[in-house]
Amino acid sequence: MEMGFTWGLVFLSLGVMGLRWVMRRVNYWLYETQLGEKRLLLPPGDLGWPFVGNMWAFLRAFKSANPDSFISSFVARFGHTGMYKAFMFGNPSIIVTTADACRRVLTDDEAFKPGWPISTLKLIGEKSFIGISYDEHKRLRKLTAAPVNGFESLTMYLEYIEDNVVTAFDKWSKMGQIEFLTELRKLTFRIIMYVFLSQESEHAMEALEREYTVLNHGVRAMAINIPGFAYHKALKARKNLVAIFQSIVTARRRRREMEAETKLKKDMLDLLMEVEDENGRKLNDQEIIDVLVMYLNAGHESSGHITMWAVILLQQHPEVFRKAKAEQDEIVKKRPSTQKGLTLKEVREMDFLSKVVDETLRFITFSFVVFREAKKDVNLSGYNIPKGWKVLVWFRSVHLDPETYPNPLEFNPSRWEGFTPKAGAFLPFGAGSRTCPGNDLAKLEISIFLHYFLLHYQLDRVNPDCPRRYLPHCRPVDNCLARVRRVGIEQ
Ligand code: HEM
(Lines give C-alpha, C1' and ligand atoms only; values in the text may rest on other atoms or scores of the structure.)
Protein backbone atom coordinates (compact mmCIF):
# COMPACT_ATOMS: atom_id res chain seq x y z
CA MET A 1 0.00 0.00 0.00
CA GLU A 2 2.81 2.38 1.01
CA MET A 3 4.85 1.36 -2.08
CA GLY A 4 1.87 2.16 -4.30
CA PHE A 5 1.53 5.60 -2.71
CA THR A 6 5.24 6.34 -3.25
CA TRP A 7 5.04 5.30 -6.92
CA GLY A 8 1.94 7.44 -7.28
CA LEU A 9 3.88 10.44 -5.99
CA VAL A 10 6.78 9.71 -8.33
CA PHE A 11 4.46 9.51 -11.37
CA LEU A 12 2.66 12.66 -10.30
CA SER A 13 5.96 14.56 -9.95
CA LEU A 14 7.18 13.26 -13.32
CA GLY A 15 3.84 14.23 -14.85
CA VAL A 16 4.05 17.75 -13.45
CA MET A 17 7.67 18.11 -14.61
CA GLY A 18 6.75 16.78 -18.05
CA LEU A 19 3.81 19.14 -18.34
CA ARG A 20 6.00 22.03 -17.26
CA TRP A 21 8.64 21.05 -19.85
CA VAL A 22 5.98 20.92 -22.57
CA MET A 23 4.41 24.22 -21.51
CA ARG A 24 7.78 25.98 -21.48
CA ARG A 25 8.29 24.92 -25.11
CA VAL A 26 4.89 25.78 -26.58
CA ASN A 27 5.90 29.32 -27.57
CA TYR A 28 9.20 28.00 -28.93
CA TRP A 29 7.34 25.54 -31.17
CA LEU A 30 4.78 28.12 -32.20
CA TYR A 31 7.10 31.01 -33.01
CA GLU A 32 10.71 29.86 -33.30
CA THR A 33 10.64 26.55 -35.14
CA GLN A 34 8.85 28.10 -38.11
CA LEU A 35 11.84 30.42 -38.61
CA GLY A 36 13.96 27.44 -39.70
CA GLU A 37 17.71 28.05 -39.62
CA LYS A 38 17.15 31.76 -38.92
CA ARG A 39 16.03 30.94 -35.38
CA LEU A 40 19.68 30.26 -34.60
CA LEU A 41 20.39 33.96 -35.15
CA LEU A 42 17.75 35.14 -32.67
CA PRO A 43 19.16 36.92 -29.63
CA PRO A 44 19.19 34.88 -26.43
CA GLY A 45 16.14 34.93 -24.17
CA ASP A 46 13.05 32.94 -23.43
CA LEU A 47 9.47 33.21 -24.67
CA GLY A 48 8.01 32.10 -21.34
CA TRP A 49 4.67 30.42 -20.93
CA PRO A 50 1.95 30.09 -23.59
CA PHE A 51 -0.34 33.15 -23.89
CA VAL A 52 1.18 35.07 -20.97
CA GLY A 53 4.81 34.76 -22.07
CA ASN A 54 6.96 36.96 -19.84
CA MET A 55 4.11 39.19 -18.71
CA TRP A 56 3.92 37.84 -15.17
CA ALA A 57 7.60 38.47 -14.65
CA PHE A 58 7.22 41.95 -16.17
CA LEU A 59 4.21 42.86 -14.02
CA ARG A 60 5.82 41.37 -10.90
CA ALA A 61 8.92 43.52 -11.42
CA PHE A 62 7.04 46.69 -12.34
CA LYS A 63 4.70 46.33 -9.39
CA SER A 64 7.66 45.89 -7.03
CA ALA A 65 10.16 48.47 -5.78
CA ASN A 66 12.67 47.28 -8.39
CA PRO A 67 11.29 47.41 -11.95
CA ASP A 68 14.77 46.92 -13.37
CA SER A 69 14.83 43.39 -11.96
CA PHE A 70 12.89 42.43 -15.12
CA ILE A 71 15.74 43.25 -17.51
CA SER A 72 18.36 42.22 -14.90
CA SER A 73 16.93 38.71 -14.93
CA PHE A 74 17.62 38.48 -18.68
CA VAL A 75 21.13 39.85 -18.17
CA ALA A 76 21.78 37.37 -15.34
CA ARG A 77 20.58 34.41 -17.40
CA PHE A 78 21.83 35.31 -20.86
CA GLY A 79 24.64 37.85 -20.37
CA HIS A 80 25.07 41.50 -21.43
CA THR A 81 23.95 40.94 -25.02
CA GLY A 82 21.73 44.06 -25.13
CA MET A 83 18.99 42.22 -27.06
CA TYR A 84 16.70 39.50 -25.73
CA LYS A 85 13.85 37.49 -27.20
CA ALA A 86 10.68 37.40 -25.11
CA PHE A 87 6.91 37.10 -25.43
CA MET A 88 5.30 40.37 -24.41
CA PHE A 89 1.79 41.78 -24.65
CA GLY A 90 0.67 38.76 -26.69
CA ASN A 91 3.49 38.85 -29.26
CA PRO A 92 6.91 37.32 -29.89
CA SER A 93 9.24 40.23 -29.27
CA ILE A 94 12.82 41.38 -29.17
CA ILE A 95 13.71 43.67 -26.26
CA VAL A 96 16.43 46.13 -27.24
CA THR A 97 18.37 47.78 -24.41
CA THR A 98 21.49 49.45 -25.84
CA ALA A 99 21.81 53.02 -27.15
CA ASP A 100 23.06 51.98 -30.60
CA ALA A 101 20.40 49.37 -31.19
CA CYS A 102 17.58 51.64 -29.89
CA ARG A 103 18.68 54.45 -32.18
CA ARG A 104 18.84 52.09 -35.18
CA VAL A 105 15.33 50.81 -34.54
CA LEU A 106 13.86 54.29 -34.09
CA THR A 107 15.52 55.83 -37.13
CA ASP A 108 15.13 53.05 -39.72
CA ASP A 109 11.61 53.51 -41.15
CA GLU A 110 12.43 51.09 -43.98
CA ALA A 111 12.81 48.27 -41.51
CA PHE A 112 10.47 49.18 -38.64
CA LYS A 113 6.96 50.54 -38.20
CA PRO A 114 4.93 51.24 -35.04
CA GLY A 115 4.18 48.00 -33.24
CA TRP A 116 1.98 48.89 -30.29
CA PRO A 117 -0.10 46.03 -28.93
CA ILE A 118 -3.62 45.79 -30.40
CA SER A 119 -4.95 46.46 -26.90
CA THR A 120 -3.12 49.84 -26.83
CA LEU A 121 -4.30 50.67 -30.35
CA LYS A 122 -7.89 50.08 -29.26
CA LEU A 123 -7.43 52.54 -26.40
CA ILE A 124 -5.44 55.27 -28.16
CA GLY A 125 -7.33 54.96 -31.45
CA GLU A 126 -6.92 53.07 -34.69
CA LYS A 127 -6.76 56.36 -36.61
CA SER A 128 -4.24 57.93 -34.22
CA PHE A 129 -0.54 58.23 -35.19
CA ILE A 130 0.18 54.68 -34.06
CA GLY A 131 -2.47 53.18 -36.34
CA ILE A 132 -2.32 55.08 -39.64
CA SER A 133 -0.14 54.51 -42.74
CA TYR A 134 3.37 55.93 -43.14
CA ASP A 135 2.23 58.64 -45.60
CA GLU A 136 -0.83 59.61 -43.59
CA HIS A 137 1.33 59.91 -40.48
CA LYS A 138 3.83 62.10 -42.30
CA ARG A 139 1.08 64.43 -43.50
CA LEU A 140 -0.79 64.74 -40.19
CA ARG A 141 2.38 65.04 -38.22
CA LYS A 142 3.62 67.93 -40.33
CA LEU A 143 0.28 69.64 -39.91
CA THR A 144 0.02 69.18 -36.15
CA ALA A 145 3.65 69.51 -35.08
CA ALA A 146 4.23 72.94 -36.64
CA PRO A 147 1.73 74.83 -34.42
CA VAL A 148 3.29 73.51 -31.21
CA ASN A 149 6.89 74.18 -32.21
CA GLY A 150 9.11 77.10 -33.00
CA PHE A 151 9.77 80.49 -31.47
CA GLU A 152 6.53 82.12 -32.55
CA SER A 153 4.18 79.42 -31.26
CA LEU A 154 6.02 79.01 -28.00
CA THR A 155 6.03 82.77 -27.40
CA MET A 156 2.29 82.71 -27.98
CA TYR A 157 1.74 79.96 -25.39
CA LEU A 158 4.21 81.29 -22.84
CA GLU A 159 1.89 83.95 -21.45
CA TYR A 160 -1.05 81.56 -21.16
CA ILE A 161 1.09 78.95 -19.40
CA GLU A 162 2.59 81.54 -17.07
CA ASP A 163 -0.81 82.98 -16.07
CA ASN A 164 -2.13 79.52 -15.34
CA VAL A 165 0.94 78.49 -13.34
CA VAL A 166 0.74 81.63 -11.19
CA THR A 167 -3.00 81.13 -10.61
CA ALA A 168 -2.56 77.43 -9.82
CA PHE A 169 0.18 78.05 -7.23
CA ASP A 170 -1.90 80.72 -5.58
CA LYS A 171 -4.93 78.43 -5.44
CA TRP A 172 -3.00 75.40 -4.15
CA SER A 173 -1.29 77.38 -1.43
CA LYS A 174 -4.75 78.13 -0.02
CA MET A 175 -6.14 74.63 -0.39
CA GLY A 176 -4.41 72.70 2.37
CA GLN A 177 -3.60 69.10 1.52
CA ILE A 178 -3.71 68.25 -2.21
CA GLU A 179 -2.70 65.41 -4.49
CA PHE A 180 0.05 67.35 -6.18
CA LEU A 181 0.21 65.03 -9.21
CA THR A 182 -3.55 65.16 -9.76
CA GLU A 183 -3.50 68.95 -9.64
CA LEU A 184 -0.52 69.12 -11.99
CA ARG A 185 -2.28 66.88 -14.47
CA LYS A 186 -5.24 69.23 -14.43
CA LEU A 187 -2.90 72.15 -15.08
CA THR A 188 -1.07 70.51 -17.98
CA PHE A 189 -4.39 69.32 -19.36
CA ARG A 190 -5.78 72.84 -19.30
CA ILE A 191 -2.74 74.01 -21.26
CA ILE A 192 -3.00 71.33 -23.94
CA MET A 193 -6.77 71.90 -24.24
CA TYR A 194 -6.06 75.55 -24.88
CA VAL A 195 -3.43 74.75 -27.52
CA PHE A 196 -5.62 72.27 -29.37
CA LEU A 197 -9.19 73.35 -28.78
CA SER A 198 -8.98 76.93 -27.47
CA GLN A 199 -11.27 75.55 -24.81
CA GLU A 200 -11.38 76.48 -21.18
CA SER A 201 -14.63 74.95 -19.98
CA GLU A 202 -13.78 73.80 -16.46
CA HIS A 203 -16.49 71.18 -16.52
CA ALA A 204 -15.45 69.54 -19.83
CA MET A 205 -11.84 69.59 -18.75
CA GLU A 206 -12.36 67.87 -15.41
CA ALA A 207 -14.52 65.19 -17.02
CA LEU A 208 -11.96 64.53 -19.77
CA GLU A 209 -9.02 64.43 -17.40
CA ARG A 210 -10.74 61.90 -15.14
CA GLU A 211 -11.43 59.63 -18.11
CA TYR A 212 -7.80 59.91 -19.23
CA THR A 213 -6.57 58.73 -15.84
CA VAL A 214 -8.63 55.55 -16.19
CA LEU A 215 -7.59 55.13 -19.83
CA ASN A 216 -3.89 55.27 -18.95
CA HIS A 217 -4.19 52.67 -16.24
CA GLY A 218 -5.33 50.25 -18.94
CA VAL A 219 -2.56 51.01 -21.41
CA ARG A 220 0.13 48.86 -19.76
CA ALA A 221 -2.23 46.39 -18.09
CA MET A 222 -3.02 42.86 -19.27
CA ALA A 223 -5.67 43.12 -22.00
CA ILE A 224 -8.42 41.38 -20.00
CA ASN A 225 -11.78 42.76 -21.08
CA ILE A 226 -13.77 41.56 -18.06
CA PRO A 227 -15.58 43.89 -15.63
CA GLY A 228 -13.33 44.84 -12.73
CA PHE A 229 -10.08 44.67 -14.74
CA ALA A 230 -8.11 47.83 -15.60
CA TYR A 231 -8.32 47.20 -19.35
CA HIS A 232 -12.11 46.88 -19.28
CA LYS A 233 -12.42 50.14 -17.34
CA ALA A 234 -10.04 51.80 -19.81
CA LEU A 235 -12.16 50.75 -22.80
CA LYS A 236 -15.18 52.30 -21.13
CA ALA A 237 -13.20 55.48 -20.46
CA ARG A 238 -12.23 55.65 -24.15
CA LYS A 239 -15.89 55.40 -25.11
CA ASN A 240 -16.71 58.31 -22.82
CA LEU A 241 -13.78 60.32 -24.19
CA VAL A 242 -14.90 59.73 -27.77
CA ALA A 243 -18.43 60.87 -26.88
CA ILE A 244 -17.13 64.08 -25.30
CA PHE A 245 -14.81 64.83 -28.24
CA GLN A 246 -17.62 64.06 -30.68
CA SER A 247 -19.76 66.74 -29.08
CA ILE A 248 -16.85 69.21 -29.25
CA VAL A 249 -16.25 68.40 -32.95
CA THR A 250 -19.96 68.63 -33.79
CA ALA A 251 -20.26 71.99 -32.03
CA ARG A 252 -17.20 73.29 -33.87
CA ARG A 253 -18.50 72.19 -37.26
CA ARG A 254 -21.77 73.98 -36.52
CA ARG A 255 -19.94 77.13 -35.40
CA ARG A 256 -17.77 77.09 -38.51
CA GLU A 257 -20.86 76.89 -40.71
CA MET A 258 -22.45 79.82 -38.97
CA GLU A 259 -19.49 82.16 -38.69
CA ALA A 260 -17.31 83.45 -41.49
CA GLU A 261 -14.09 81.42 -41.39
CA THR A 262 -11.90 84.47 -41.60
CA LYS A 263 -13.26 85.86 -38.35
CA LEU A 264 -12.22 82.81 -36.37
CA LYS A 265 -8.96 82.37 -34.51
CA LYS A 266 -7.67 79.05 -35.81
CA ASP A 267 -6.60 76.32 -33.44
CA MET A 268 -5.50 72.73 -34.02
CA LEU A 269 -9.07 71.49 -34.38
CA ASP A 270 -9.66 73.95 -37.23
CA LEU A 271 -6.47 72.80 -38.95
CA LEU A 272 -7.55 69.16 -38.69
CA MET A 273 -10.95 70.03 -40.15
CA GLU A 274 -9.44 71.92 -43.06
CA VAL A 275 -6.58 69.63 -44.12
CA GLU A 276 -7.02 67.72 -47.39
CA ASP A 277 -4.99 64.90 -48.88
CA GLU A 278 -3.72 64.94 -52.47
CA ASN A 279 -7.15 63.78 -53.69
CA GLY A 280 -8.96 66.56 -51.86
CA ARG A 281 -10.29 64.23 -49.15
CA LYS A 282 -10.85 65.74 -45.72
CA LEU A 283 -10.57 63.92 -42.39
CA ASN A 284 -13.81 62.48 -41.04
CA ASP A 285 -14.92 62.83 -37.41
CA GLN A 286 -13.42 59.51 -36.29
CA GLU A 287 -10.01 60.42 -37.71
CA ILE A 288 -10.06 63.85 -36.08
CA ILE A 289 -11.22 62.44 -32.75
CA ASP A 290 -8.51 59.76 -32.68
CA VAL A 291 -5.79 62.33 -33.32
CA LEU A 292 -7.23 64.51 -30.55
CA VAL A 293 -7.54 61.62 -28.08
CA MET A 294 -3.87 60.78 -28.70
CA TYR A 295 -2.49 64.34 -28.63
CA LEU A 296 -4.36 65.43 -25.54
CA ASN A 297 -3.23 62.33 -23.72
CA ALA A 298 0.42 62.52 -24.79
CA GLY A 299 0.38 66.24 -24.16
CA HIS A 300 -0.54 66.29 -20.50
CA GLU A 301 0.30 63.03 -18.71
CA SER A 302 4.02 63.18 -19.39
CA SER A 303 4.52 66.87 -18.62
CA GLY A 304 2.47 66.55 -15.42
CA HIS A 305 4.53 63.61 -14.16
CA ILE A 306 7.91 65.08 -15.08
CA THR A 307 7.06 68.43 -13.45
CA MET A 308 6.08 66.64 -10.24
CA TRP A 309 9.31 64.61 -10.21
CA ALA A 310 11.45 67.68 -10.89
CA VAL A 311 9.89 69.38 -7.84
CA ILE A 312 10.30 66.29 -5.64
CA LEU A 313 13.90 65.73 -6.73
CA LEU A 314 14.83 69.38 -6.29
CA GLN A 315 13.57 69.29 -2.73
CA GLN A 316 15.30 66.01 -2.01
CA HIS A 317 18.61 67.56 -3.10
CA PRO A 318 19.04 70.88 -1.25
CA GLU A 319 22.36 71.65 -2.98
CA VAL A 320 20.73 71.34 -6.39
CA PHE A 321 17.73 73.34 -5.16
CA ARG A 322 19.98 76.19 -3.97
CA LYS A 323 21.87 76.35 -7.25
CA ALA A 324 18.68 76.25 -9.32
CA LYS A 325 17.03 78.92 -7.16
CA ALA A 326 20.07 81.21 -7.39
CA GLU A 327 19.83 81.04 -11.18
CA GLN A 328 16.15 82.03 -11.14
CA ASP A 329 16.78 84.84 -8.62
CA GLU A 330 19.47 86.17 -10.93
CA ILE A 331 17.11 86.16 -13.92
CA VAL A 332 14.55 88.23 -12.02
CA LYS A 333 17.26 90.60 -10.72
CA LYS A 334 18.62 91.29 -14.21
CA ARG A 335 15.17 92.02 -15.62
CA PRO A 336 14.20 95.61 -16.54
CA SER A 337 11.70 96.96 -14.02
CA THR A 338 9.15 97.53 -16.80
CA GLN A 339 9.11 93.87 -17.78
CA LYS A 340 6.28 91.76 -16.40
CA GLY A 341 6.77 88.02 -16.40
CA LEU A 342 9.06 85.68 -18.29
CA THR A 343 10.31 85.89 -21.86
CA LEU A 344 11.26 82.97 -24.07
CA LYS A 345 14.80 84.35 -24.17
CA GLU A 346 15.03 84.12 -20.38
CA VAL A 347 13.72 80.56 -20.43
CA ARG A 348 16.36 79.64 -23.00
CA GLU A 349 19.06 81.10 -20.77
CA MET A 350 18.15 78.88 -17.80
CA ASP A 351 21.27 76.83 -18.18
CA PHE A 352 21.30 74.96 -14.88
CA LEU A 353 17.54 74.46 -14.84
CA SER A 354 17.71 72.80 -18.25
CA LYS A 355 20.21 70.35 -16.73
CA VAL A 356 17.78 69.70 -13.87
CA VAL A 357 15.05 68.97 -16.43
CA ASP A 358 17.28 66.70 -18.53
CA GLU A 359 18.41 64.81 -15.44
CA THR A 360 14.79 64.39 -14.34
CA LEU A 361 13.86 63.10 -17.80
CA ARG A 362 16.74 60.62 -17.64
CA PHE A 363 16.27 59.58 -14.02
CA ILE A 364 12.51 59.00 -14.33
CA THR A 365 12.25 57.96 -18.01
CA PHE A 366 8.53 58.63 -18.30
CA SER A 367 8.16 56.42 -21.41
CA PHE A 368 10.19 53.44 -20.32
CA VAL A 369 9.44 51.53 -23.52
CA VAL A 370 8.06 52.17 -27.02
CA PHE A 371 6.93 49.55 -29.52
CA ARG A 372 7.93 48.88 -33.10
CA GLU A 373 7.43 45.96 -35.50
CA ALA A 374 9.95 44.59 -38.01
CA LYS A 375 8.66 45.09 -41.57
CA LYS A 376 11.20 42.56 -42.84
CA ASP A 377 13.91 40.35 -41.42
CA VAL A 378 16.45 42.72 -39.93
CA ASN A 379 20.01 42.10 -38.86
CA LEU A 380 20.84 44.17 -35.79
CA SER A 381 24.08 43.88 -33.82
CA GLY A 382 24.63 40.46 -35.35
CA TYR A 383 21.20 39.12 -34.36
CA ASN A 384 18.13 38.45 -36.49
CA ILE A 385 14.87 40.26 -35.80
CA PRO A 386 12.29 38.24 -37.74
CA LYS A 387 9.69 39.97 -39.90
CA GLY A 388 6.47 40.54 -37.93
CA TRP A 389 8.11 40.33 -34.49
CA LYS A 390 7.67 43.26 -32.14
CA VAL A 391 10.63 45.30 -30.99
CA LEU A 392 10.48 46.79 -27.50
CA VAL A 393 12.80 49.79 -27.37
CA TRP A 394 13.67 49.79 -23.67
CA PHE A 395 14.58 53.43 -22.90
CA ARG A 396 14.87 52.74 -19.19
CA SER A 397 17.95 50.57 -19.64
CA VAL A 398 19.58 53.13 -21.94
CA HIS A 399 19.10 55.89 -19.36
CA LEU A 400 20.41 53.76 -16.50
CA ASP A 401 23.49 52.45 -18.30
CA PRO A 402 26.47 53.07 -15.98
CA GLU A 403 28.84 53.24 -18.96
CA THR A 404 27.11 56.43 -20.14
CA TYR A 405 25.85 57.69 -16.79
CA PRO A 406 28.21 56.73 -13.95
CA ASN A 407 26.26 56.02 -10.78
CA PRO A 408 23.00 56.11 -12.78
CA LEU A 409 20.66 55.86 -9.78
CA GLU A 410 22.00 59.12 -8.38
CA PHE A 411 20.09 62.29 -9.33
CA ASN A 412 22.89 64.58 -10.40
CA PRO A 413 22.13 67.46 -12.80
CA SER A 414 25.80 68.43 -12.78
CA ARG A 415 26.62 65.29 -14.75
CA TRP A 416 25.38 67.27 -17.79
CA GLU A 417 28.09 69.91 -17.44
CA GLY A 418 30.22 69.69 -20.58
CA PHE A 419 28.70 66.31 -21.36
CA THR A 420 26.80 65.36 -24.51
CA PRO A 421 25.69 61.73 -24.59
CA LYS A 422 26.41 59.79 -27.79
CA ALA A 423 23.59 59.32 -30.32
CA GLY A 424 20.86 57.12 -28.89
CA ALA A 425 22.02 57.38 -25.28
CA PHE A 426 19.48 60.04 -24.26
CA LEU A 427 16.02 59.39 -25.62
CA PRO A 428 13.42 61.00 -23.34
CA PHE A 429 11.49 62.12 -26.42
CA GLY A 430 12.41 59.19 -28.67
CA ALA A 431 14.18 59.67 -32.02
CA GLY A 432 13.61 59.57 -35.76
CA SER A 433 10.38 60.37 -37.58
CA ARG A 434 8.33 59.81 -34.44
CA THR A 435 10.34 62.01 -32.10
CA CYS A 436 7.94 63.70 -29.69
CA PRO A 437 6.51 66.76 -31.45
CA GLY A 438 5.70 68.34 -28.08
CA ASN A 439 9.22 68.27 -26.63
CA ASP A 440 9.80 72.04 -26.75
CA LEU A 441 6.34 72.80 -25.43
CA ALA A 442 6.84 70.29 -22.61
CA LYS A 443 10.21 71.78 -21.63
CA LEU A 444 8.70 75.26 -21.72
CA GLU A 445 5.83 74.25 -19.40
CA ILE A 446 8.17 72.52 -16.99
CA SER A 447 10.65 75.43 -16.91
CA ILE A 448 7.96 78.06 -16.30
CA PHE A 449 6.54 75.96 -13.49
CA LEU A 450 9.92 75.43 -11.86
CA HIS A 451 10.75 79.14 -12.19
CA TYR A 452 7.78 80.09 -9.98
CA PHE A 453 8.25 77.14 -7.69
CA LEU A 454 11.90 77.95 -7.00
CA LEU A 455 11.20 81.63 -6.48
CA HIS A 456 8.27 81.40 -4.09
CA TYR A 457 7.17 77.94 -2.94
CA GLN A 458 7.90 74.80 -0.96
CA LEU A 459 6.19 71.44 -1.14
CA ASP A 460 5.52 69.76 2.22
CA ARG A 461 4.85 66.12 1.45
CA VAL A 462 2.62 64.15 3.79
CA ASN A 463 4.51 60.90 3.10
CA PRO A 464 8.00 61.87 1.97
CA ASP A 465 9.09 58.23 1.89
CA CYS A 466 6.02 57.05 0.06
CA PRO A 467 6.75 54.00 -2.14
CA ARG A 468 6.61 54.36 -5.89
CA ARG A 469 4.38 52.71 -8.42
CA TYR A 470 5.83 52.16 -11.91
CA LEU A 471 2.70 51.36 -13.93
CA PRO A 472 1.42 52.93 -16.01
CA HIS A 473 4.09 55.54 -15.17
CA CYS A 474 6.48 56.16 -12.32
CA ARG A 475 4.71 58.04 -9.46
CA PRO A 476 4.44 57.99 -5.66
CA VAL A 477 1.59 55.71 -4.58
CA ASP A 478 -0.15 58.64 -2.83
CA ASN A 479 0.00 60.81 -6.00
CA CYS A 480 2.31 63.09 -4.00
CA LEU A 481 -0.02 64.12 -1.20
CA ALA A 482 1.29 67.47 0.01
CA ARG A 483 0.73 71.07 1.00
CA VAL A 484 2.05 73.84 -1.20
CA ARG A 485 3.42 76.63 0.96
CA ARG A 486 4.37 80.14 -0.14
CA VAL A 487 7.78 80.75 1.35
CA GLY A 488 7.99 83.56 3.83
CA ILE A 489 4.23 83.76 4.29
CA GLU A 490 2.65 82.08 7.33
CA GLN A 491 -0.63 80.27 6.60
C1 HEM B 1 7.94 65.54 -20.62
C2 HEM B 1 7.02 65.43 -21.53
C3 HEM B 1 7.00 64.43 -22.65
C4 HEM B 1 7.67 63.24 -22.79
C5 HEM B 1 8.67 62.60 -21.83
C6 HEM B 1 7.27 62.68 -24.07
C7 HEM B 1 7.79 61.50 -24.60
C8 HEM B 1 7.50 61.04 -25.87
C9 HEM B 1 8.15 59.94 -26.52
C10 HEM B 1 9.28 59.10 -25.93
C11 HEM B 1 7.60 59.79 -27.75
C12 HEM B 1 8.02 58.80 -28.83
C13 HEM B 1 7.08 57.63 -28.97
C14 HEM B 1 7.56 56.65 -30.00
O15 HEM B 1 8.69 56.70 -30.46
O16 HEM B 1 6.77 55.76 -30.34
C17 HEM B 1 6.55 60.77 -27.86
C18 HEM B 1 5.70 60.89 -28.93
C19 HEM B 1 4.67 61.79 -28.99
N20 HEM B 1 4.43 62.83 -28.12
FE21 HEM B 1 5.44 63.25 -26.46
N22 HEM B 1 6.35 63.52 -24.64
C23 HEM B 1 6.15 64.60 -23.82
C24 HEM B 1 5.31 65.68 -24.06
C25 HEM B 1 4.45 65.80 -25.11
C26 HEM B 1 3.58 66.94 -25.36
C27 HEM B 1 3.49 68.21 -24.51
C28 HEM B 1 2.86 66.63 -26.48
C29 HEM B 1 1.80 67.46 -27.17
C30 HEM B 1 2.03 68.57 -27.76
C31 HEM B 1 3.29 65.32 -26.94
C32 HEM B 1 2.78 64.65 -28.03
C33 HEM B 1 3.32 63.51 -28.57
C34 HEM B 1 2.81 62.85 -29.77
C35 HEM B 1 1.60 63.26 -30.58
C36 HEM B 1 3.66 61.77 -30.03
C37 HEM B 1 3.55 60.78 -31.19
C38 HEM B 1 4.46 61.25 -32.31
C39 HEM B 1 4.44 60.39 -33.53
O40 HEM B 1 4.10 59.22 -33.46
O41 HEM B 1 4.79 60.94 -34.58
N42 HEM B 1 4.25 64.86 -26.09
N43 HEM B 1 6.52 61.56 -26.71
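All values derive from a computational prediction rather than experimental measurement. First listed ligand is number 1; within each ligand, the first listed atom is number 1.
With respect to Lys355 and Glu327, no salt bridge is recorded, no charged nitrogen being found less than 4.0 Å from a carboxylate O. Using a 4.0 Å cut-off between a side-chain N of Lys or Arg and a carboxylate O of Asp or Glu, Asp109 and Lys138 do not qualify as a salt bridge.
Put simply, part of Ile192 is less than 4.0 Å from ligand 1, judged by heavy atoms. In this structure, Lys443 has no heavy atom closer than 4.0 Å to ligand 1. Within the 4.0 Å heavy-atom cutoff, His300 does not count among the residues contacting ligand 1.
A donor-acceptor contact shorter than 3.5 Å is absent between the side chain of Asp108 and the backbone of Arg104. For Arg415 (side chain) and Pro406 (main-chain N/O), a donor-acceptor pair under 3.5 Å exists by modelled atom type. Distance alone, capped at 3.5 Å, is enough to place a donor-acceptor pair between the Arg362 side chain and the Pro408 backbone.
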For ring pair (Phe, Tyr, Trp, His ring centres under 6.0 Å), just list the numbers for Phe411 and His317, CA-CA rounded to whole Å, side-chain angles, deciding distance to a tenth of an Å, and then say yes or no. CA-CA 8 Å; Phe411 175 76; His317 298 83; 5.1 Å; yes
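Annotation: atom 4 (C) of ligand 1 to nearest protein heavy atom, Phe429 CE2, 3.5 Å. If you check which protein heavy atom lies closest to atom 12 (C) of ligand 1, you get Arg434 O, 3.6 Å. Of the protein's non-hydrogen atoms, the one nearest atom 10 (C) of ligand 1 is Pro428 O, 3.3 Å. Atom 16 (O) of ligand 1 has Arg372 NH1, 3.0 Å as its closest protein atom, hydrogens excluded (heavy atom only). Nearest to atom 13 (C) of ligand 1 among the protein's heavy atoms is Val370 CG1, 3.7 Å. For atom 24 (C) of ligand 1, the closest heavy atom belonging to the protein is Ser302 OG, 3.3 Å. When only non-hydrogen protein atoms are considered, atom 26 (C) of ligand 1 lies nearest to Gly299 CA, 3.5 Å. Shortest contact from atom 20 (N) of ligand 1 to any protein heavy atom: Cys436 SG, 3.2 Å.
Looking at His473 against ligand 1, nothing comes within 4.0 Å, counting heavy atoms.
Using bins of under 30°, 30° to 60° and over 60° for the plane-to-plane angle, the ring pair Phe87/Tyr31 lands in the tilted bin.
Every atom of ligand 1 with a heavy atom of Gly430 under 4.0 Å away is listed here by number and element: 10 (C). Each of the following atoms of ligand 1 lies closer than 4.0 Å to a heavy atom of Arg141: 38 (C), 39 (C), 41 (O). Ligand-side atoms of ligand 1 in range of Ser303: 2 (C), 27 (C), range being under 4.0 angstrom from any heavy atom. Residue His137 has at least one heavy-atom neighbour below 4.0 Å for each of these atoms of ligand 1: 39 (C), 40 (O), 41 (O). The contact set between ligand 1 and Pro437, taken as ligand atoms under 4.0 Å from a residue heavy atom, comprises 19 (C), 20 (N), 33 (C), 34 (C), 35 (C), 36 (C), 38 (C). Atoms of ligand 1 found under 4.0 Å from any heavy atom of Trp116 (numbered from 1 in listed order, with element): 16 (O).
Residue nearest to atom 37 (C) of ligand 1, selected from Phe129, Phe366, Phe368: Phe129 (by heavy-atom distance).
Under the 4.5 Å side-chain criterion, counting only non-hydrogen atoms from C-beta, Thr144 is in contact with Met268. Looking only at side-chain heavy atoms (C-beta outward), Asn240 and Val214 stay at 4.5 Å or farther from each other. You'll find the side chain of Thr107 stays beyond 4.5 Å of the side chain of Phe112, heavy atoms only.
Glu346 and His451 form no side-chain donor-acceptor contact under 3.5 Å, judged by distance and modelled atom types alone.
Taking the six-membered ring for Trp and the full ring otherwise, the centers of Trp416 and Phe426 sit less than 6.0 Å from each other.
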